[in-house]
Chemist: 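I have a structure here, written as structure tokens, and I will follow up with some questions on it.
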Amino acid sequence: MPKTRKIAIYGKGGIGKSTTVSNIAASFSNENKKVMVIGCDPKADTTRTLVGKRIPTILNTIRENKNPEISEVIFQGFQDILCVESGGPEPGVGCAGRGVIVAMKLLEKLKSFDNDLDVIIYDVLGDVVCGGFAVPLKEDYADEIFIVSSGEYMSLYAANNISKGIKKLKRKLSGIICNCKGIENEIAIVESFADKIGTKIIGKIERSQLIQDSEIVAKTVVEKFPKSIEANEYKELANNIWKNTDHSSPEPMNDDEFEKFFKNYVK
């Protein structure tokens, strides 16, 4: 039986990880792949556009029931994609990464990973790779790691920090996904950054109102506008990820090097 592809997607908060993950998942599913999506962000909104609504999180569920059934934590979404949200603590209370740790342990206990899956995708908050958010890397839940970034300063800064965490944990980086914000020379900036840290762009998504329109009605653009240019971009990205065999040890810049890179490149 073919090995399940286990993919973690990191990036700065608000950069568009959840949108990217849900549309990649929908694209995989359209190719008859059996997909599980695990949202590892306390906002618990990764799977909203796949299910059409927010689903109960694992942390909230086990507060009410310490031994939930698998049907209480895994929900079916678009094209039978299996959807999970780890959740987080109440605002201002506890560690935001704890939900990831609890979720992974429960999913293992329920033998959720024993399903005949083609791909598991983790959507992981990653301004800094630490605590519970590093679990997909530390515990080898994920074999492939991609970073979502735009050409903006803070997005690239976060991507560089995530690369530091990947290197420290002796893992490989599989590529950068450029989620464009519409700034000047954006693709060239991200390509230069990727080259600088020893990786490459695996795909790009142009900024689009159509993607936002889809999210308003809790759908992916792949489902809502399947014949659109935007849906095709996600399909191409999913294909690039599936065919990718190039995984490298990142060589992130220190803070001074990053400042020099950004100031010299963005004039």
Side-chain angles (χ1 to χ4, degrees), residues 5-21 24 37-43 46 86 88 95-101 104 120-181 186-187 189-205 237 240-241 244 246-262 265-266:
R5 300 280 291 272
K6 296 179 289 184
I7 299 167
I9 296 185
Y10 281 83
K12 177 185 178 298
I15 193 55
K17 295 182 308 303
S18 297
T19 302
T20 302
V21 166
I24 290 172
V37 173
I38 301 176
C40 301
D41 190 317
K43 296 194 305 298
T46 302
S86 65
C95 169
R98 178 176 172 269
V100 184
I101 298 169
M104 294 303 104
I120 301 171
I121 311 174
Y122 299 89
D123 171 18
V124 195
L125 182 65
D127 292 69
V128 180
V129 182
C130 64
F133 300 123
V135 167
L137 307 185
K138 284 182 176 178
E139 304 297 332
D140 293 337
Y141 287 110
D143 300 320
E144 303 170 47
I145 305 159
F146 297 90
I147 301 173
V148 179
S149 181
S150 68
E152 298 166 306
Y153 175 89
M154 286 308 301
S155 178
L156 289 170
Y157 182 80
N160 193 60
N161 267 357
I162 293 164
S163 298
K164 290 178 183 178
I166 293 168
K167 182 178 181 180
K168 188 175 183 65
L169 293 170
K170 296 182 171 60
R171 302 300 304 274
K172 303 284 188 181
L173 177 59
S174 300
I176 304 290
I177 298 167
C178 183
N179 194 38
C180 297
K181 297 296 184 181
E186 189 159 20
I187 300 296
I189 293 168
V190 179
E191 281 181 340
S192 181
F193 169 79
D195 183 66
K196 190 80 173 176
I197 67 169
T199 188
K200 77 286 182 187
I201 289 182
I202 196 75
K204 64 179 179 66
I205 305 298
L237 172 58
N240 289 346
I241 289 172
N244 181 59
D246 184 13
H247 317 287
S248 59
S249 299
E251 291 299 332
M253 295 171 266
N254 62 39
D255 285 352
D256 289 339
E257 290 170 336
F258 180 81
E259 288 292 327
K260 183 178 179 180
F261 160 79
F262 197 82
Y265 200 88
V266 185

Chemist: Could you pull out the closest heavy-atom pair between Glu186 and Cys178, with the gap in Å?
Modeler: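 Smallest interatomic distance, heavy atoms only, reads CG-SG, 4.5 Å.
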Chemist: For Asp256, is there any backbone N or O sitting under 3.5 Å from a side-chain donor or acceptor partner on Glu259?
Modeler: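 No, the answer is negative, given that no donor and acceptor are paired below the 3.5 Å cut-off.
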Chemist: With side chains defined as the heavy atoms from C-beta onward, is the minimum distance between Glu191 and Asp195 less than 4.5 Å?
Modeler: no
Chemist: Tell me, with the steps shown, if Lys172 and Ser248 meet side chain to side chain contact (heavy atoms under 4.5 Å, CB included).
Modeler: CA-CA 5 Å; Lys172 303 284 188 181; Ser248 59; 5.6 Å; no
Chemist: How long is the span from the CD1 atom in Ile121 to the CD1 atom in Ile24, to the nearest 0.5 Å?
Modeler: 6.0 Å
Chemist: Using every non-hydrogen atom in the two residues, find where Ala142 and Ile7 come nearest and quote the distance to one decimal.
Modeler: CB-C, 4.4 Å
Chemist: Once rounded to the nearest 0.5 Å, what's the spacing between atom CG of Asn161 and atom CG of Leu156?
Modeler: 11.5 Å
Chemist: Just do the side chain to side chain contact (heavy atoms under 4.5 Å, CB included) check on His247 and Ile145 with the steps written out, would you?
Modeler: CA-CA 9 Å; His247 317 287; Ile145 305 159; over 6 Å; no
Chemist: Taking the side chain from Asn179 and the backbone from Val148, do they hold a donor-acceptor pair closer than 3.5 Å?
Modeler: no
Chemist: Quick one: are Lys181 and Ile15 in side-chain contact, heavy atoms under 4.5 Å?
Modeler: yes
Chemist: Below 3.5 Å, can you tabulate the donor-acceptor pairs from side chains in residues 196-203 to any protein atom, sequence neighbours excluded?
Modeler:
{"residue": "Lys200", "atom": "NZ", "partner": "Ser174", "partner atom": "O", "Å": "2.7"}
{"residue": "Lys200", "atom": "NZ", "partner": "Asn244", "partner atom": "OD1", "Å": "3.2"}
{"residue": "Lys200", "atom": "NZ", "partner": "Asp246", "partner atom": "O", "Å": "2.8"}

Chemist: Taking the six-membered ring where the residue is Trp, are the ring centres of Tyr153 and Phe258 under 6.0 Å apart?
Modeler: yes
Chemist: Show your reasoning for whether salt bridge (charged side-chain N to carboxylate O under 4.0 Å, His left out) applies to Lys43 and Asp123.
Modeler: CA-CA 11 Å; Lys43 296 194 305 298; Asp123 171 18; over 6 Å; no
Chemist: Walk me through whether Thr19 and Ile205 qualify under side chain to side chain contact (heavy atoms under 4.5 Å, CB included).
Modeler: CA-CA 11 Å; Thr19 302; Ile205 305 298; over 6 Å; no
Chemist: With no hydrogens and no angle check, is any side-chain donor or acceptor of Ser155 less than 3.5 Å from a backbone partner on Ser150?
Modeler: yes
Chemist: For Glu144 and Arg5, indicate whether the former's side chain and the latter's backbone hold a donor-acceptor pair under 3.5 Å.
Modeler: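 Looks like no, no N/O pair under 3.5 Å.
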Chemist: Just verifying a value: how many Å separate Met253 CE and Ser163 OG, rounded to the nearest 0.5 Å?
Modeler: 8.5 Å
Chemist: What closest approach, in Å, do Lys167 and Pro250 show between heavy atoms, and which atom pair accounts for it?
Modeler: CD-O, 3.5 Å
Chemist: Looking only at heavy atoms, what is the nearest atom pair of Phe262 and Gly151, with distance?
Modeler: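 That closest heavy-atom pairing would be CE1-O, 3.8 Å.
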Chemist: Looking at Tyr10 and Lys17, what are the two nearest heavy atoms and their distance?
Modeler: C-CD, 3.4 Å
Chemist: CG/Leu173 to CD/Glu251 distance, rounded to the nearest 0.5 angstrom?
Modeler: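 Going from the CG atom of Leu173 to the CD atom of Glu251 covers 11.0 Å.
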Chemist: For Ala194 and Ile176, which heavy atoms make the closest approach, and how far apart are they?
Modeler: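 Result for this residue pair: CB-CG1, 4.0 Å.
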Chemist: Run the side chain to side chain contact (heavy atoms under 4.5 Å, CB included) test on Tyr141 and Ile120 for me, step by step, so that the C-alpha distance in whole Å, both residues' side-chain angles and the decisive distance to 0.1 Å come before the verdict.
Modeler: CA-CA 9 Å; Tyr141 287 110; Ile120 301 171; over 6 Å; no
Chemist: To the nearest 0.5 Å, what is the distance between CZ (Phe146) and CD1 (Ile9)?
Modeler: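 Phe146 CZ to Ile9 CD1: 7.0 Å, rounded to 0.5 Å.
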